[in-house]
Amino acid sequence: SRNPATGFLSEIQTPIGNREVTNVSVSPSGANVYVTDRGAGSIAVYSRDQTTGLLTHIEWQPESSDGVEGLYKVQDVAESSDGKNVYAKGYSLWTGSSTLVWFSRDETTGRLTFLDEITSNPATNLEASLAISSDGAHVYTGGSNGDGEGILTVFERDPATGLANMIQSIPNGSDGVSGLGRRLMVAMSPIGDYVYTGSYASQGALVAFSRDPSSGILTFDQKLTDAVDGMDGLGYPWSLTVSSDGNHVYVIDVGDRAIAAFERNNVFRLGRHVVTLAPGEVASDIDFSNAPPTFSIDDVSVSEGDSGQT
C-alpha cells in the first residue's frame with residue numbers, strides 16, 4: 001500500500017510467483033493487473049480490489065496454448081483506454097521477428113481472448129516496450145536489430161475490432177533520426193502530443209518525437225545524449241515514464257545506477273502563437289491549431305507597443 005502523505009510503501013501481499021517477470025501493468029480503470037513472464041512466455045491476469053489493492057489470479061495466457069502465438073520472451077503489456085483490448089510486445093519463433101499481440105478483454109471478468117499477432121518490425125533484440133495513446137487510436141512499439149540499431153513502429157488501432165495495422169516504421173538513421181538503440185523503451189505524454197524513447201547504442205540517449213494527434217504519425221524532434229553538453233543520467237536507459245501531469249520525464253539509468261529527471265518545456269511543446277492587434281481591436285475565434293484538445297489559456301500577457309502584440 002502507498003501512504004498518500006509520505007509516498008512510503010508497505011507490503012500487503014506475499015509476492016505471487018512468476019519465472020522471469022519483465023513488466024507489470026495496471027489497467028486504466030484499476031480493475032486488473034497484467035504481468036509479463038519472459039521465461040514462461042506468458043501473461044498473468046489478476047483482478048485488483050480497488051479498496052485494498054490486493055490481487056487475485058484470474059488466468060494465464062501462455063504461448064502456444066489455445067491458439068496464442070507471439071508471446072515468446074514477452075516483454076511488455078498494456079490495456080487500451082476503452083478497456084476492450086490488451087496488447088503485448090513479444091517475439092515469433094516462426095518469423096524470427098518482434099511481434100505485437102492483441103487480445104479482446106471481457107470488461108466484466110477481465111479475462112482475455114487471443115485475437116491475432118502481427119510482426120511489429122524485423123528486430124531481433126527482444127528488450128523493448130510499447131505504449132498506447134490515451135485516445136486508444138495508436139500503439140507504439142520499440143525494438144532493435146542484431147547491430148543494436150533501434151526501430152520505432154507505429155500502429156493504427158481499430159477501436160471496434162482491436163485490429164492493429166502498421167502505419168509507420170522509424171529505423172535509426174532514417175530521415176535524420178538518431179539516438180535509437182538497443183533496449184528501446186517507449187513512453188507517451190498524457191495528452192498524446194509527444195512520444196519518448198530511451199535506449200543505448202554507443203551512448204545512452206533520450207529522444208523526443210512530436211505526434212500528430214489525428215494520424216498518429218511521429219516526427220523526430222530532439223535527442224539528449226549522455227555525456228554530451230553536460231548531460232548525465234542516460235548512461236544506459238532501462239525504463240522511462242512521463243508524469244501524469246505531463247511536466248516531467250523520468251529515466252532509470254542502470255549504467256550510472258541512477259534515476260534522472262527531465263522537465264518538459266510546455267512552451268516548446270505547444271508552440272508559440274502571436275496575434276497582432278491594432279489599437280482598440282478585439283480578437284475572437286482565434287484558431288490555435290496545434291494546441292491539443294485539452295489545451296486551455298490560463299494566463300495572457302500583453303506587451304504594449306506599436307503592434308499591440310499579445
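Remark: Glu107 pairs with Lys84, Arg105 by the side-chain contact (heavy atoms from CB on, under 4.5 Å) rule, at least two apart or across chains. His248 pairs by the ring pair (Phe, Tyr, Trp, His ring centres under 6.0 Å) definition with nothing, not counting sequence neighbours. By the ring pair (Phe, Tyr, Trp, His ring centres under 6.0 Å) test, Tyr140 pairs with no residue at all, sequence neighbours left out. Shown here are the ring pair (Phe, Tyr, Trp, His ring centres under 6.0 Å) partners of Tyr236, two or more places apart in sequence or in another chain: Tyr200. Listed by chain and residue number, Asp37, Arg38 satisfy the side-chain contact (heavy atoms from CB on, under 4.5 Å) test with Glu20 (two or more places apart in sequence, or in another chain). Partners of Ser1 by side-chain contact (heavy atoms from CB on, under 4.5 Å), not counting sequence neighbours, listed by chain and number: Ser10, Ile12. For Ser243, the side-chain hydrogen bond (donor to acceptor under 3.5 Å, both in side chains) criterion is met by Asp245, not counting sequence neighbours. Listed by chain and number, the residues in a side-chain hydrogen bond (donor to acceptor under 3.5 Å, both in side chains) with Ser134 amount to none (sequence neighbours excluded). Looking at residues two or more places apart in sequence or on another chain, you find a side-chain contact (heavy atoms from CB on, under 4.5 Å) between Ser65 and Pro62. For the ring pair (Phe, Tyr, Trp, His ring centres under 6.0 Å) test, residues two or more places apart in sequence or in another chain that qualify with Phe103 are Phe114.
Nearest heavy-atom pair across Leu115 and Thr161 is CD1-O, 3.8 Å. Here the closest non-hydrogen pair linking Ile118 and Ala164 is CD1-O, 3.9 Å. Residues Gln61 and Leu112 come closest through the heavy atom pair NE2-O, 2.9 Å. In terms of heavy-atom proximity, Asp49 sits nearest to Thr51 at OD1-N, 2.8 Å. Here the closest non-hydrogen pair linking Gly233 and Asp256 is N-OD2, 3.8 Å. Nearest heavy atoms, Ala128 versus Gly142: CB-O, 2.9 Å.
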Please test Leu234 against Met231 for side chain to side chain contact (heavy atoms under 4.5 Å, CB included), starting from the C-alpha separation and ending with a verdict.
CA-CA 8 Å; Leu234 294 173; Met231 189 58 58; 3.8 Å; yes
Please walk me through it: do Tyr87 and Leu100 pass side chain to side chain contact (heavy atoms under 4.5 Å, CB included)?
CA-CA 7 Å; Tyr87 296 83; Leu100 178 65; 4.1 Å; yes
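Contact annotation: the side chain of Thr219 never approaches that of Asp221 to less than 4.5 Å [non-hydrogen atoms, C-beta and beyond]. Counting only heavy atoms from C-beta outward, the side chains of Thr153 and Ile170 never approach each other to under 4.5 Å. A 4.5 Å side-chain heavy-atom check between Leu240 and Tyr196 finds at least one atom pair inside the cut-off. Side-chain contact between Val154 and Met166 is absent, with no heavy-atom pair separated by less than 4.5 Å. Side-chain contact between Pro237 and Leu206 is absent, with no heavy atoms from C-beta onward closer than 4.5 Å. Using a 4.5 Å cut-off on side-chain heavy atoms (C-beta onward), Leu180 and Ile151 make no contact. The side-chain heavy atoms of Phe220 and Val207, taken from C-beta on, include a pair separated by under 4.5 Å.
Ile58 and Trp60 fall into different hydrophobic clusters, where Ile, Leu, Val, Met, Phe, Trp and Tyr side chains are chained together by heavy-atom contacts under 4.5 Å. Taking hydrophobic clusters as Ile, Leu, Val, Met, Phe, Trp and Tyr residues chained together by side-chain heavy-atom distances below 4.5 Å, Leu218 shares a cluster with Met188. Under the 4.5 Å side-chain heavy-atom criterion for grouping Ile, Leu, Val, Met, Phe, Trp and Tyr, Trp102 is not connected to Leu71 through any hydrophobic cluster. Following chains of ILVMFWY side-chain contacts shorter than 4.5 Å, one cannot reach Tyr72 starting from Val68, and the two form parts of different hydrophobic clusters. By the rule that hydrophobic residues join a cluster once side-chain heavy atoms approach within less than 4.5 Å of another member, Trp238 and Val21 end up as members of separate clusters.
Side-chain atoms of Arg157 do not come within 3.5 Å of backbone N or O of His138 as any donor-acceptor pair. Side chain of Ser144 to backbone of Gly150: no donor-acceptor contact under 3.5 angstrom is found. Looking only at distances, a side-chain donor or acceptor of Thr99 sits under 3.5 Å from a matching main-chain atom of Tyr91. Without hydrogens or angle criteria, Arg2 side chain to Gly7 main chain gives no donor-acceptor distance under 3.5 Å. Under the 3.5 Å distance criterion, the side-chain polar atoms of Ser129 are matched with a main-chain donor or acceptor of Val186. Thr22 contributes a side-chain N or O that, together with a main-chain N or O of Val74, makes up a donor-acceptor pair within less than 3.5 Å. Under a 3.5 Å cut-off, the side chain of Gln203 and the backbone N or O of Asp226 do form a donor-acceptor pair. Under a 3.5 Å cut-off, the side chain of Thr225 and the backbone N or O of Ala205 do not form any donor-acceptor pair. Between the side chain of Glu63 and the backbone N or O of Ser42 there is no donor-acceptor pair closer than 3.5 Å. A donor-acceptor pair is defined here as one N or O able to donate and one able to accept, closer than 3.5 Å; such a pair exists between the side chain of Asp106 and the backbone of Thr108.
Sorted by first then second residue, the salt bridge (charged side-chain N to carboxylate O under 4.0 Å, His left out) pairs that include residues 199-213, not counting sequence neighbours, are Asp135-Arg211.
Looking only at atom types and distance, the side chain of Tyr194 has no donor-acceptor partner in the side chain of Arg264 under 3.5 Å away. When only modelled atom types and interatomic distance are considered, Thr141 and Lys89 share no side-chain donor-acceptor pair under 3.5 Å. Between the side chains of Asn172 and Glu149, at least one donor N or O sits under 3.5 Å from an acceptor N or O. With 3.5 Å as the limit, one finds no donor-acceptor pair spanning the side chains of Ser199 and Arg182.
Rounding to the nearest 0.5 Å gives a distance of 9.0 Å between OG of Ser29 and CZ of Arg48. Atom OG1 of Thr241 sits about 12.5 Å away from atom CE of Met185, to the nearest 0.5 Å.
Connectivity analysis of hydrophobic side chains (ILVMFWY, heavy atoms under 4.5 Å, direct or indirect) links Phe8 to nothing; its cluster partners are none.
Screening Thr36, Val77, Leu130 for a side chain to side chain contact (heavy atoms under 4.5 Å, CB included) involving Asn23 leaves a single residue, Thr36.
Within 6.0 Å of atom CG in Leu54, more than 12 heavy atoms from other residues, nucleotides or ligands are found, so the atom counts as buried in its surroundings. Counting non-hydrogen atoms of neighbouring residues, nucleotides and ligands closer than 6.0 angstrom, the CG atom of Asp175 reaches no more than 12 such neighbours.
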